[in-house]
Each structure stands twice: as structure tokens, then as C-alpha cells.
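Report on the following structure.
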Amino acid sequence: MYNHKKVESKWQQKWEESGVYKNYSKEKKFYALDMFPYPSGAGLHVGHPKGYIATDVYSRFMMLNGYSVLHPIGWDAFGLPAENYALENKVHPRAAVEKNIAVFKKQLKKFGFTYDWDREINTTDPEYYKWTQWIFLKMFERGLAYESDKPINWCPKCKTGLANEDLENGLCERCGTKIEQKKMRQWVLKMTEYADRLLYDLDKEKLDWEDSILSQQKNWIGRSEGVEFELKIKNYELGIKVYTTRIDTVFGMTYAVVSPEHKLIDELGDKIENLGEVKKYIENANKKTELERTELQKEKTGVELKGIKAVNPFNNEEIPLFVADYVLGYYGTGAVMAVPAHDERDWEFAKKYNLSIKHVVEPDYNKFNTKDIFFSSAIKKRESLNFKDSAIETLKYQYSIVRKCQSTNVFCYIGKDGILLNSGKYSGMTSEKAREEMAKWLEKKGAGKKKVNYKMRDWVFSRQRYWGEPIPIIHCEKCAEKKEQVLILHGWEDNSKAGFIPELRKNLESKGYETFAFDAPNTDEPDFDEWFSFIEKKIKTHNLKGFHLVGHSMGGHLALKLAEKYKLESLTLVAPVGFQSPDEYFNQFSGEMDKKELSIFKKFQDRKLNIKKVKDNTGKMYFVFGKKDPWITSEIRNYYIDNFKETAEIAVLENYGHMSADENIKKVDFIENLFKVSTPGVIPVPEKDLPLELPEVEGYEPTGTGEGPLAKITDWVNIKCPKCGGPAKRETNTMPQWAGSSWYYLRYIDPKNKKELVDKKEEKEWMPVDLYVGGAEHATRHLLYARFWHKFLYDIGAVSTKEPFKRLVHVGLINAEDGRKMSKRWHNVINPDDIIEAYGADSIRLYEMFMGPFTQSIAWSAEGVKGVRRFLDKVWNLFESKKFVECGGSCQDVPKEIPPSLHKTIKKVTEDISSMRFNTAISQMMIFVNLVSAADTVPRAAMEKFLIILSPFAPHIAEELWSKLGNKTGILKEKWPEYNPAMVKDEIINLVIQVNSKTRDTIEAPADINEEDAVKFARESEKIKKWIEGKEVVKIIFVKGRLLNIVAKQIIKTTI
RNA sequence: GCCCGGGUGGUGGAAUUGGUAGACACGCGGGAUUCAAAAUCCCGUUCUCGCGAGAGAGUGAGGGUUCAAGUCCCUCCCCGGGCACCA
């Protein structure tokens, strides 16, 4: 009898002692990753480990195939669930988390997984979240983390703001409470800046992800291509921008709508005749929760702005303007053109308020094979719109449906492609063409342009809760009041009034900056030392301290040298010249410069730069280059990119040159943009002070005030400003649960590194993750967030790949036997501990892989577990009872079917593990074992190979039998067996004989039988004779190695 | 409404490029073993008709392409998941 308890604990102990999994010295690598668990209070149920089993099978498979396998595990333990659990059970979240982790760990260890526990990580460990905070600071530096006070989703029960990704049908994903829109200060990550790249890299060519998850993410990002254009307001110098994807229907616009949040209402003020009514409507709309706005979507409401008309730029028609809450403030421009004939929502609204409907696109009938196909769907659509004013039954028979309905103004054709009518010069064009042409026309006129929009919004990143990473930010009032100083340095033969400098100063001063720009001496023959001491004097006389520095060209060089000496708030370099560039670099300008000029140019740059000092002294860094710059060639550019890519934001602009006086002043935009991100008074915690530890606190109940519970700890909150030394306050919001999990896979690679988030060399060695397994519920949250962070880390040079997860497979759920979800509430939870106790870890491993296709949700079956245990017993008994023989080429006593079956099994198991079809791999092993069980004598070598391919699924029993065979080294040290292709092919096959495509007989035949012989055999068969007798054979189809199909027809006897 | 999956015995599910539908397992029926039960082993198990050989039907429904369709095409129904007033 197989004693699983004894065998499993014995080997688990031995494996752990020998560290057999931690073999990282092989040439090829494989990184297998599980979505790390959230250690909840309930412990594991049998559904949780399914994915872990799969990665473990895969990891062992890869180890046996000679790979170094990284297979780590850790804990994702910050966030609301742990905190809510702690609140309910009146314990500290840390204590709860620690206790839960201990339980989870004990449970997981019983499975015999190949985890390297030395790499265990925990997101709540300060040594870990130090780097979560570090990433946040880097984002803040680059303007990707910003404060906003726009309305956000607020959960009144959890008392915290939430990201869009945290909602389910307008309810809080955690507690099911209705979400409110609340205006409050919050931290937001600019995820939309990455929308394009997040979408573009979601490509089957680049990522081996399942279609369902790819499409879910694509939908979430929600890219749409359209046109943004302006509708002028009649009699006023005002306009509203609208966004549409259907500009081809613009001649059908009969009114326009702005959202309740739209600024136009305030701009027009009492020019709106019914302002009171309008304001009342807006007030009511704002009171609605997100849910109410969706629940009430059937009834559209709105109010006309009386006395106000908008003008359609295409035909100068004047149209009424409405405010209505079916238009969303946060998408597009917050205003739309309404075309009731071709948009269902506008159609509903127009019907209700009796607005005119103008039909401008009809279907392209040539595209439909039959009119019936088109009209059946058209009629369906009409039915769904409660179309009652005409008899559908009669319409079904009338192909003149379109014209008829046109005259009654009710037909809607909603298709994206059609032919335009009633559209001026665009009439007769296809929709597609018209969209192109109309966009061109608008662009030419300067009234609009093509625009891409995304549904995805920026990530609301702050939580007004306790149990999360503190956001490492300090608010300083004194710094907020202080004027920021900006010093701008010009270049060779330039001055402070030329180029982009005056425009930049104007822009910055209007934003409250104090700017300085001076004319350097001898700009014809600049001498570095002269310029340097000149500027130092100016810094002293104007008392510049902690200022921003901008330098262009040679001024950029100067700026860098100043940065070695002075503490800078920020450093912006526009096309800076280089440092000690090689002679070849200067020689290439000998055509443009004479000897004297060349020597001035060279001498100015003839010094070294202390890069470390610059980095230490400088806050944010922005480098801007033009790709068409004749002076700053790619070699100079690369010098800066190589040395500063981790600390500086570097932009290389396609169509720009040296960006000096001769270039368009507009180019100042990009420099000015760089200053937008610095909000005065918002001070990052200095990197050296990380981790900013979460302080202990008496009560961590949420306050509901918009401040986190941390606000109550005054001696933590009140702090000296690291910038000015004055009194300042810490940020009291914490990060959301999804922060720590957005980069954890990197930390496993180098979990104890104190200097870096991950060692560069190690990162390059292990990334990307080769196989990532986890639940599909993370498709639009964790996986999106992690990809976003990863791309950011790529941009700052912290990681070497653009995408983190090469192959992603989602694990199907395990439901309870009653078909419901496993839940405490239903009392149907199955604890893996009990299954392991009764049947062993190998049984649960094998069962969960055998129960069905891996990605599919399937109900648990107690009987099923018994079944696979029966299989394991059979394997065990095989090794107890059979006679094992050594045989080289052939053995007489061994049934001849065994070797081919073994090779088929090796082939199938190899292929099926690779494609994650574990269920069929196991069934093939069962077939093999059934065959072997029937024999008395078995070849030892075959059984050894079988144990190796069984071992990824059932490692304990395989290892035990392996050692019982007398092997001294562990089974994981073995090589995965290869199959012999010749053995896999059957020599004798059952050739199927069909008559008129119905199988009537099968004959045993050599696999390579040709058509002629097959027909001969077939004709000899009594069964076949019976079916073709008296018939004429009209055709013979022969599929080699498979079947023969005789097509025979009844002979029709004709009598004359 | 839109976007992804999926629909095969009593159950979980197999089925290469279209080529014997139901592998493997569970359950069930029968038998062996046992004082008996559990466990184990053997046989059977898509449905209908038939003692049987065998015949017919059959992969959600209907239609089509083909010598041949679970597989490809069209229309529709149902189930699961995601999104949802995104202009």
C-alpha cells in the first residue's frame, strides 16, 4: 500500500534540505510566475493552488529540460481587505497579516512546490515598499504622479477614493456600496500618457496572451479615432469643442449637447434666458450617484439653453443647444453634436423632446448579398427601439423601406459604413471617404482636427486609509508661497532677448515664476571661464537659491558645470554641447567653421563633467534634443542619454534642429511644459529617507474627511521641510492595494538588494517572465497597472524589456460541487489540507490538472480525487508486483505494444505540458499505465522514463519509486526523455472503409498501404460487397493512413 | 446593446490540416473476492429498435459547402465572462 503521508513528508524535507530547486547555473533560463496571493483570513481553499500547481508542473518540466528555473512566491498584503479584516477582528492589520501568512505558508508547503523560499517577498515589508515608494518618487519627478481635485469615485462605506478599475457596475468592488462622485484632493498617476503604448504592445506577435485577456484590456483602454471640431455660438465670441467618431453624419446634426459639468454654462451666464432652470438641472444631475446615472439611462433628460444657438460649420445651420447628463463630462470634450437619425441615444432624446431628425446616411445596398439580410437586422433594431408607429409586418415585404421612412423621419441606419445623402458636396460618398474628406476640410479651415480618445482614465492612486504604503510627499506652505526662480542661459552668438528666451520668460512669469536671463560677455568668442565667473557673480547679486536652471547649447554646457556646484531645483538642457568630445566630432564641422571658430568651439567644451555631483545637486532633469540638429549629433546626445537616462527625462524631437533663434517660437511649448509639473510646496521625501515607514497608530479607522487616519499622528505628520527647513506636513494618504503588486515580479530576481530595486545584470538575465499564471479577474487591473509601471521603469532605464510578461495563461476557477462559488457563506468550501491528509498532495495536484482544460471553470468532484488516487495506487502496485527486466534492443517477454506506447506517451506529455493541456497529458499516462498493468514483465528503462514524465505532476511518489529502483540521485537531476519518432508511428493501422461516407468496415493494414491495395482489400470484404453490390462505383477517395471512401450510385435501369 | 469565450453521453471532458464522435476518468449496471462491508480485480455502459448479427439516429436549432462537417460558411437560440449613455 502506498503511504502518501510518510512518503510526502520525507521528500518535502529532503528537497528543502538539499535546495534542489535553487539551481541557477544553467545556461538557459525560465521564469515561472504565479500571481502572488493575498493572505486573507479564510486560508486557502482548493481553488487557489490550481494555478500554482500548473506553474510547478511547468517549472519541474523545464528543470528536467535543463533550464535554470526561477519560481518564487510572496505575499501581497497591503490594502483594504486586510484592513477591513483587522477592523472586524479588532487586531492590528500587521498582526493579522502575519498570522494569515503563516497559515498560507504552512498550507502551500504541503504541496511540494519548487518555490525558492529564500526569495519570499512581502509588500508590507519596509525593505520592500521602500522601492514601491521609490518608483512613486520617480514618477513624481517626471510629472506622472500629480495632485488633482477633480471629482472621483468615493466609497462612503470604505471611506476612501477609488480608481475606475475598482468599480463593479457603479458599486464598490470590495463592499458593494453605491459609489458617489466626490470632489477632493487626491494623487493620480498619469496612466493615460501610456495609453497608446499600452495598447500598441498588446499584440499577439509580441505577447503570447490569450485572446480573451487581450481583448478585455483593449476594450478597457478603449481607443477611438474621431474628429474634434468647434461649433461657434451665435452672436458670441465663444465656441464649444465637440468630439465625434461619425463626422460623416455631421449634416444630420439637428442639435448639440453639453454635459452638466461643461464650462460653457458659466461662460454664458445670464445670456442664457432660462439660466435658473438650467442651473437647477445641473444641480440635480450632480446629486445623482454614478449608479443612478446609469440606472436611469432609459429616460434621457435635458434642458435647452434658451436664447443660445450653435452653428454647424459645414452648412452654417443654426441649431439648438442642450445640457443633458447623458453626455459625460470626463470623456472627449464633454460636449457632442447630436445626430438623431444615426445614433440611438440622440434618437431617444430627439423623440422625447420632439426635435427634428435628419437622415444623411443610407446603407450601401451593394454590400448586402440579399436585401433580406439587411432588412432583418434593420427591423430588429427598430423593434428594440420600441418602434410602433408603423407596421413592421408590412415593412418586411417592402424593399422601399428606406425612402418611406425617410419621409416620415423615423428610420435609423446605425451602420458605420454607408452612402451619404443630403450632405452637400459630400453626398454620394461612402462614409469612410467622407470621414477622411471632412476631417481634411476642418483641418484646412482650422476649425477641427483628427483626434484619438481613450476610455481609460488616469489612475486615482491615493487611499484615505491606514494599511498601505505612505505616499512619500511633504506639503510645505512656505515653499508654496515662495517664488520659484528660473535662470536661463543662452548660447554662442546669442543673447538674452533672442530665440525662445523672451517667450519662455513671459510664460513662466505669468505662472508666478521669477526669471533671470543675462547677456554673457564676448558672445562672439565665448570663453568658458569668463562666462562662468560672470554667471556666478549674477547668482550672488540676485541671491538665487535652489533655483531652476535652463541652458541652451553652450549655455547648456555652462549649466551642467554650474550644477556641479549649486543645488538646483531643476535643470533643463536644450541641445547642450558636449564634454571633451573626440577630434573626429569637431573635424566634421571644418566645412562650416574656420579654424578660429573651431578652436573656440572646441575649447569651450574641453573639460570633464562630474556626473555624480550633478545628479546629487539637481532635482528634476529635462534634456531636449532635436533630431535634425546639425551641431548636437547623435554621439553627443548619446553621451547624455547613457549617463543620465535613469535620472533625466530625455526627449528627442523628430522635426527639430538646434532650437535657437532661427526656429519657430512655438517650440518654447515643450520647455514650458516641463515646469507645469512642479507644484510649489509639494516636496518629495528625499530618496535617502526611504523607506518612509508606516507609523504605529492607536486607531486606524477611516476618518471620512478626505485625510487618512495617519493625520491623527501629529508628531509624524508635522515635520521640517527638507527644502526650506520650515514647518511642513506629511501627506497622510496611502497607496492603493495595487501599488506593491505592480512591480513585485522584479523584486524576486534580487530580493535583498539594498542599493537598487533590482540589479541590472540579474534583471537582464531573468526578464521577461516566461510564464505568468493567474486569475482572469486581474485582466484590467493588476495586469494593466503592472504593464504601465513596467513601461515607466523601462523609460528610466531600470528594466530592459518593454513588456513584463511574455506568456500569460489564466487559470479557470474551481467551483464547489453544488456548482456555486466556494464560499464560507454557502458552507461548501473544501480545504486542501483535508484532501492532502486523506489522499496526498500528489493526488490533489494530479486531480486539479486532470479535471478539465486548465483555463476553464469546473466544479470540484470528491469522486474525481478518488479516481486519480486510484491511478497513483496502480502506479505504485506496478512497481511492487511486476517483474522488471533489463533489455537493450528487444526483450522477448515484454509485450510488443509497450515500447511504442511509451514513446507516444512521452511525445504527448511533452507537447501537452508545453501547451498547458495537462488533462490530456495525464490521460495518456493513464493509458500507458493501463497497458503496462496487463503485462507480467516490464522493461525497467521504460518505467524509469515513465517516472520522469510523471514527476512534474506527482513528484513525491515519482521520487520515492525512483529511489526504490536503486537510484542514488534525485529525479530532478535527470534529463527529460526524448521520444523516437519512428516508434510513435503505427506500423499497422485500422484502415477505415466507407461506402458513401458511412463506415462499413475497418481492415488491419500496413500504415503505408497504397490506394490500389486498399481498394483490392475493400473489394474482398464481405461487409463492403454487401453495400456496393448492384451499384456503380463513381468515385474513390483515399486518404493515406486513414480511410478509403467508395462512392457508389444505384444503377438506374431504364427500360425503353 | 457591444466585445470575448463556450454549447458533445448520466457527469468532468477527448477528437491533429475536415477523415471511425465519445479517448481518459467519474458514476452506474453485472460478475469475482469476502461471513459481510470497504477496498481491489474483470466485463458492460451515447440513444432507439433487435435475442443476435446488425440497422438507424446522433455533437444547441435551422440551412449551406464537401465524397466526408463537432470541426468551414450563413441565420438563429441558449450559457459563462467582460464593458456599458465612451458620442
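So you know, we letter chains A, B, ... as the sequences are listed, proteins then strands, and number each from 1.
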With sugar-phosphate meaning primed atoms plus P, OP1 and OP2, does [X] contact a base, only sugar-phosphate, or nothing at under 4.0 Å between heavy atoms?
X         : result
Ile927(A) : sugar-phosphate
Phe850(A) : base
Lys998(A) : sugar-phosphate
Glu210(A) : nothing
Gly867(A) : sugar-phosphate

Out of [options], which has the shortest distance to the side chain of [X]?
X          : options                : answer
Gln216(A)  : A87(B), U20(B), G81(B) : G81(B)
Lys1026(A) : A55(B), C85(B), C83(B) : A55(B)
Trp1027(A) : G56(B), A25(B), U20(B) : G56(B)
Thr1002(A) : C24(B), U20(B), A14(B) : U20(B)
Ile858(A)  : G13(B), C24(B), C67(B) : G13(B)
Lys874(A)  : C41(B), A87(B), C4(B)  : C41(B)
Tyr326(A)  : C85(B), A25(B), A23(B) : C85(B)
Asp211(A)  : C24(B), G5(B), A87(B)  : G5(B)
Thr920(A)  : A15(B), C26(B), G54(B) : A15(B)
Met926(A)  : A57(B), C24(B), C67(B) : C24(B)

Subject >> Nucleotide pairing, RNA chain B (Watson-Crick or G-U, distances under 3.5 Å), in dot-bracket with [ ] and | >> reply: (((((((..(((......[....)))((((((.......))))))((((....))))..(((((..]....))))))))))))....
What integer distance in Å separates [X]:[atom1] from [N]:[atom2]?
X          : N      : atom1 : atom2 : value
Glu1011(A) : C67(B) : CD    : P     : 16 Å
Trp347(A)  : G1(B)  : CH2   : C1'   : 15 Å
Lys300(A)  : A84(B) : NZ    : C1'   : 12 Å

Subject >> Cationic tip of Lys300(A) above Phe349(A) ring, under 6.0 Å, 45° of axis >> reply: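 No.
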Original post:
Is the NZ or CZ atom of Lys50(A) both under 6.0 Å from the centre of the six-membered ring of Phe854(A) and within 45° of that ring's axis?
Top reply: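 Yes, a cation-pi geometry holds between Lys50(A) and Phe854(A).
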Original post:
Considering heavy-atom distances to RNA chain B, does Leu1043(A) or Pro853(A) have its closest nucleotide positioned more toward the 5' end?
Top reply: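 Comparing both residues, the 5'-ward one is Pro853(A).
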Roughly how many Å apart are [M] and [N], using the [atom1] atom of each and rounding to a whole number?
N      : M      : atom1 : value
G10(B) : U48(B) : P     : 9 Å
A53(B) : A39(B) : C1'   : 39 Å
C85(B) : G5(B)  : C1'   : 26 Å
C49(B) : A37(B) : P     : 34 Å
G9(B)  : A68(B) : C1'   : 24 Å

Do the charged groups of [X] and [Y] touch, with an N to O distance under 4.0 Å?
X         : Y         : answer
Asp986(A) : Lys904(A) : yes
Arg223(A) : Glu225(A) : yes
Glu911(A) : Lys907(A) : yes

**OP:** For Ser224(A) and Asn453(A), test the side chains for any donor-to-acceptor distance below 3.5 angstrom and give the result as yes or no.
**Re:**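 Distance-only check fails for Ser224(A) and Asn453(A).
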Counting just side-chain N and O atoms, does [X] come under 4.0 Å of either OP1 or OP2 of [N]?
X          : N      : value
Arg1000(A) : G56(B) : yes
Arg870(A)  : A39(B) : no
Ser224(A)  : A87(B) : yes
Asn919(A)  : A25(B) : no
Trp860(A)  : C26(B) : no
Lys1035(A) : U66(B) : no
Asn930(A)  : A25(B) : yes

**OP:** May I ask you to verify whether the side chain of Asn1045(A) and the base of C67(B) hold a donor-acceptor pair under 3.5 Å?
**Re:** yes
